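The shown structure was predicted, so the numbers you read here are calculated from the model rather than taken from an experiment. Numbering of ligands and ligand atoms starts at 1, following listing order.
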Amino acid sequence: MNILVIGGAGYIGSHVTRELLDGGHRVTVFDNLSSGLRENLFPDASFVYGDILDYTGLLHVMRDGGFDALVHLAAFKAAGESMIKPEKYSVNNISGTINILNAAVENSIKYVVFSSSAAVFGEPRYLPIDERHPTEPENYYGFTKLEIERFLGWYEKLKGIRFVSLRYFNAAGYDVKGRIKGRELNPANLIPIIMEAAAGIRREVQVFGNDYDTPDGTCIRDYIHVSDLAAAHAKALDYISANGKSLTVNLGSETGTSVLEVIETARRITGKPIPVIIAGRRAGDAAKLTASAAYARSVIGWEARYSDMETLIRTSWDIYKGYIP
Ligand code: WQD
């Protein structure tokens with residue numbers, strides 16, 4: 001298929017682009033490089049510099065590109081920041097996506113794969129979290145993702161869009177073949193922060209709370225390798241092009257790992273001390289979040305292959321050790 005990957009120069013977007021290219025698809029990356037990196041672009045993919053807030057620009061790219069499908073990963077994703085600057089997330093995440101959907105309708109592009117998030121669930125009512133779990137986001141970022149899923153449902157009803165919304169749990173790791181090396185700038189997520197401490201880019205890791213109701217007192221999360229996420233996007237496109245139906249799917253490893261366990265694994269693999277400071281809890285953090293991936297397994301034939309903590313840390317360190325000052 002001929003696919004437009006919106007946000008394809010980003011951390012996850014570049015892994016999705018690589019996966020689609022390896023699968024024989026034609027890919028055009030559309031990105032404003034606000035957090036995406038030029039070094040994440042591939043010679044075998046076209047690149048269009050543009051912004052999802054530029055409706056005319058989107059129309060022209062889609063008009064000229066003859067695309068069969070869109071993959072939309074362009075969004076601000078810092079949960080904490082979204083509670084301080086919701087307006088920034090309203091404009092970029094929601095208005096930007098409305099532009100994409102309207103331009104897609106104008107250009108008769110029916111298939112949309114959307115990068116959603118486990119943040120749509122909020123505080124877990126039960127674990128592991130499956131697709132039937134209530135969606136009560138606790139931060140504005142998660143709210144924007146849930147609202148976009150609702151827009152997709154209406155555009156399916158009224159305009160014949162067929163979508164797959166992929167609810168990522170905690171994305172981590174790097175391409176096992178080392179083809180993607182871009183380091184996220186100012187990361188908010190645990191594993192890149194641990195990698196920066198291991199590489200000496202930052203002095204220590206703050207552990208946000210060690211008094212949770214978990215075995216070692218620190219939060220447990222479901223870390224999923226970005227290459228496994230990328231494979232799910234390719235399978236999602238295969239699904240909608242073959243079945244013409246829409247889906248909403250959780251993507252996780254189904255394994256929970258605590259903050260301290262991640263840090264210990266990183267110390268062992270990197271051989272670095274990785275100093276830690278125990279800080280207070282971070283607002284909005286749940287003690288434990290793990291996914292059920294049963295639906296993804298059964299409907300799109302997806303299975304996590306690289307999401308063990310060893311591989312997540314090793315592939316990350318393969319990149320970050322290159323940044324040791
Ligand atoms: C993981 C754990 C922190 C940093 C968020 C979004 C979610 C998804 C993934 C996009 C938590 C702890 C973290 C640090 C720490 N993003 N931590 N010290 O919050 O589970 O999920 O990112 O889709 O939507 O909500 O990920 O990596 O920020 O935190 O102790 O310096 O690590 O408290 O328990 P989170 P995270």
Review point. After noting the C-alpha distance and the side-chain angles of Thr214 and Ser258, does the key distance pass the side chain to side chain contact (heavy atoms under 4.5 Å, CB included) rule?
Key: CA-CA 8 Å; Thr214 60; Ser258 78; 5.7 Å; no

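Considering NZ of Lys235 and CG of Leu166, their distance stands at 12.5 Å, rounded to 0.5 Å. Atoms NE2 and CG, on His72 and Leu101 in that order, are 7.5 Å from each other to the nearest 0.5 Å. Going from atom CG of Asp222 over to atom NZ of Lys288 covers 10.0 Å, rounded to the nearest 0.5 Å.
Remark: ligand 1 atoms within the under-4.0 Å shell around heavy atoms of Val207 are 30 (O). Using a 4.0 Å cut-off to heavy atoms of Ala119, the atoms of ligand 1 that qualify are 24 (O). Counting the atoms of ligand 1 from 1 in the order shown, those under 4.0 Å from a heavy atom of Ile193 are 31 (O).
For atom 26 (O) of ligand 1, the closest non-hydrogen atom on the protein side is Asn170 ND2, 3.1 Å. For atom 20 (O) of ligand 1, the closest non-hydrogen atom on the protein side is Arg221 NE, 2.7 Å. With hydrogens left out, the protein atom closest to atom 11 (C) of ligand 1 is Arg282 NH2, 3.8 Å, a heavy atom. The protein heavy atom nearest to atom 30 (O) of ligand 1 is Phe208 N, 2.9 Å. When hydrogens are left out, the protein atom nearest atom 12 (C) of ligand 1 is Val259 CG2, 3.8 Å; that is the closest non-hydrogen contact. At the shortest separation from atom 25 (O) of ligand 1 among protein heavy atoms lies Ala79 CB, 3.9 Å. Given atom 8 (C) of ligand 1, the protein heavy atom at minimum distance is Ser117 OG, 4.2 Å. Remark: minimum distance from atom 18 (N) of ligand 1 to any protein heavy atom is reached at Gln206 O, 2.7 Å.
In this structure, Tyr174 has its ring center under 6.0 Å from that of Tyr11.
Counting heavy atoms from C-beta outward, Val112 and Leu152 have side chains that approach closer than 4.5 Å. Contact check for Phe163 versus Lys245: no side-chain heavy atoms found under the 4.5 Å cut-off. In this structure, the side chains of Asp31 and Ile6 stay at 4.5 Å or more apart for every pair of heavy atoms. Using a 4.5 Å heavy-atom threshold, the side chains of Lys88 and Phe76 count as touching. Arg268 has its side chain within reach of Glu310: a pair of non-hydrogen atoms, C-beta onward, lies under 4.5 Å apart.
Contact annotation for Asn189 and ligand 1: heavy atoms of both the backbone and the side chain come within less than 4.0 Å of the ligand. Contacts between Tyr212 and ligand 1 below 4.0 angstrom, taking non-hydrogen atoms only, are absent altogether. The proximity of Tyr141 to ligand 1, defined as any non-hydrogen pair under 4.0 Å, is limited to the side chain. Under 4.0 Å from ligand 1, not a single heavy atom of Arg281 appears.
The cationic atom of Arg18 (NZ for Lys, CZ for Arg) lies less than 6.0 Å from the six-membered ring centre of Phe42 and within 45° of the ring axis.
In this structure, Arg38 has no salt bridge (charged side-chain N to carboxylate O under 4.0 Å, His left out) partners at least two apart in sequence or on a different chain.
The distance criterion of under 3.5 Å between nitrogen or oxygen atoms is not met by Lys77 with respect to ligand 1. Considering backbone and side-chain N/O atoms, Asn139 never comes within less than 3.5 Å of an N/O atom of ligand 1. The distance criterion of under 3.5 Å between nitrogen or oxygen atoms is met by Asp285 with respect to ligand 1. Not a single N or O atom of Cys219, backbone or side chain, sits closer than 3.5 Å to an N or O atom of ligand 1.
Side-chain contact check for Asn210 and Thr218: no donor-acceptor pair (N or O, by modelled atom type) lies under 3.5 Å.
Within the structure, ligand 1 lacks Phe121 among the residues with a heavy atom less than 4.0 angstrom away. Look at Ala188 and you'll find a heavy atom under 4.0 Å from some atom of ligand 1.
Within a 4.0 Å radius of atom 4 (C) of ligand 1, the protein contributes one or more non-hydrogen atoms.
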